[in-house]
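Quick caveat: nothing in here was measured; it's all calculated off a predicted structure. Note that ligands are numbered from 1 as they come in the structure, with each ligand's atoms numbered from 1 the same way.
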Amino acid sequence: MIRIAVLVSGRGSNLQAIIDAIAEGRLQAKIAVVVSNRPAAPALERAKKAGIPTMVVEARGGEARDTFDTRVVEAIREHRAEWVVLAGFMRIIGNVLLSAFPMRIINVHPSLLPAFPGLNAQAQALRHGVKVSGCTVHYVDGGTDTGPILAQAAVPVLEGDDEQSLSNRILVEEHRLLPAVLQKLSNER
Ligand code: GAR
């Protein structure tokens with residue numbers, strides 16, 4: 001049984017997918033803590049509803065990345081999590097966090113990496129006119145969405161798609177893929 005910390009910034013639908021997978025017995029894992037860098041993130045309510053401890057670690061004005069990361073590492077360690085899942089966490093991870101959990105941080109990204117890293121991946125896909133997109137679960141390294149790939153799922157880009165419709169189609173796959181990868185990692189332990 002792996003103990004995970006889930007880092008969030010917003011809606012938290014991927015967090016919900018993990019919570020549901022655990023509740024339904026598809027994932028043998030425990031969410032030790034949910035950490036948000038935004039106090040108003042709806043993800044925090046999802047965690048509280050599921051009885052999961054939450055912490056808000058907000059970046060202070062002018063704070064160095066290392067100092068912020070140290071506070072996140074402390075929050076994770078306090079709850080004895082050994083894996084870190086970035087589920088819509090919209091901040092670049094620095095060295096302090098990376099080296100505290102080497103090859104133990106994973107991210108879900110809404111494109112078939114290495115295509116369309118960074119922000120607004122679905123809009124980037126539409127702009128380029130690709131006919132297939134999808135999502136990627138990967139280990140986090142020092143780059144932006146560059147770490148070793150664990151799993152991918154593809155979806156078609158359909159005629160008339162806009163950012164919303166494509167995002168929704170990709171999200172269905174994110175919600176399936178992320179818990180499945182976590183279960184695989186849990187089995188390997
Ligand atoms: C998801 O689509 C996730 O892949 C994306 O943000 C969304 C978060 O949704 N992450 C990134 O773009 C990271 N570069 P959620 O808060 O409902 O899980």
Side-chain angles (χ1 to χ4, degrees), residues 4-23 26-27 29 31 33-50 52 54-59 65 68-69 72 83-94 97-98 105-128 130 132-157 161-182:
I4 61 182
V6 182
L7 273 49
V8 298
S9 299
R11 176 179 55 183
S13 72
N14 278 290
L15 166 67
Q16 191 67 55
I18 299 170
I19 292 171
D20 293 347
I22 293 172
R26 287 179 284 120
L27 171 56
I31 304 178
V33 62
V34 170
V35 181
S36 175
N37 67 321
R38 300 209 183 114
L44 289 168
E45 291 313 311
R46 296 181 189 265
K48 284 176 192 153
K49 216 170 144 201
I52 300 164
T54 60
M55 289 191 82
V56 173
V57 182
E58 224 180 338
R65 186 174 306 286
F68 175 84
D69 277 10
V72 175
W83 286 83
V84 180
V85 179
L86 310 185
F89 187 64
M90 296 314 215
R91 262 186 79 94
I92 302 283
I93 297 293
L97 193 43
L98 282 170
I105 307 179
I106 72 170
N107 179 44
V108 58
H109 182 77
S111 74
L112 294 175
L113 293 170
F116 317 132
L119 291 177
N120 306 315
Q122 303 94 331
Q124 294 185 54
L126 288 171
R127 250 195 327 273
H128 281 262
V130 295
V132 177
S133 191
C135 59
T136 303
V137 177
H138 64 96
Y139 286 109
V140 175
D141 67 8
T144 302
D145 302 319
T146 51
I149 290 172
L150 283 153
Q152 292 186 307
V155 304
V157 180
D161 259 343
D162 58 17
E163 205 176 332
Q164 195 59 58
S165 60
L166 179 57
S167 298
N168 289 343
R169 197 174 305 120
I170 293 172
L171 204 57
V172 171
E173 294 303 315
E174 294 185 42
H175 294 166
R176 193 184 55 74
L177 198 63
L178 183 57
V181 168
L182 287 170

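For atom 8 (C) of ligand 1, the closest heavy atom belonging to the protein is Gly88 CA, 3.6 Å. The nearest protein atom to atom 12 (O) of ligand 1, hydrogens excluded, is given as Pro110 CD, 3.4 Å; this is a heavy-atom distance.
Contact atoms of ligand 1 toward Arg11: 9 (O), 15 (P), 16 (O), 17 (O) (distance under 4.0 Å to a heavy atom of the residue). Less than 4.0 angstrom separates some heavy atom of His109 from each of these atoms of ligand 1: 4 (O), 13 (C), 14 (N). Proximity to Glu174 (heavy-atom distance under 4.0 Å) selects the following atoms of ligand 1: 1 (C), 2 (O), 3 (C), 4 (O).
The distance from the CD1 atom of Ile93 to the CG atom of Asn107 is 8.5 Å, given to the nearest 0.5 Å. Summarising the geometry, atom CD belonging to Glu173 is positioned 11.5 Å from atom OG belonging to Ser133; distances are rounded to the nearest 0.5 Å. Distance CG/Leu113 to CD/Gln152: 6.5 Å, rounded to 0.5 Å. For the atom pair Asp141 CG and Leu98 CG, the distance stands at 7.5 Å (nearest 0.5 Å). Ile22 contributes atom CD1, which lies 4.5 Å from atom CG of Leu27 (distance to the nearest 0.5 angstrom).
Within the structure, ligand 1 has Gly12 among the residues with a heavy atom less than 4.0 angstrom away. The shell of residues lying under 4.0 angstrom from ligand 1, judged by heavy atoms, includes Met90.
Two rings, from His109 and Phe116, have their centers 6.0 Å or more apart.
Residue Asn107 has no N or O atom closer than 3.5 Å to an N or O atom of ligand 1. Below 3.5 Å of separation, one finds no N or O of Gln122 facing any N or O of ligand 1.
Listed here is the closest heavy atom pair of Cys135 and Ile170: CB-CG2, 3.9 Å.
Nearest-heavy-atom check against atom 15 (P) of ligand 1 across Ser9, Gly10, Ser13 picks out Ser13.
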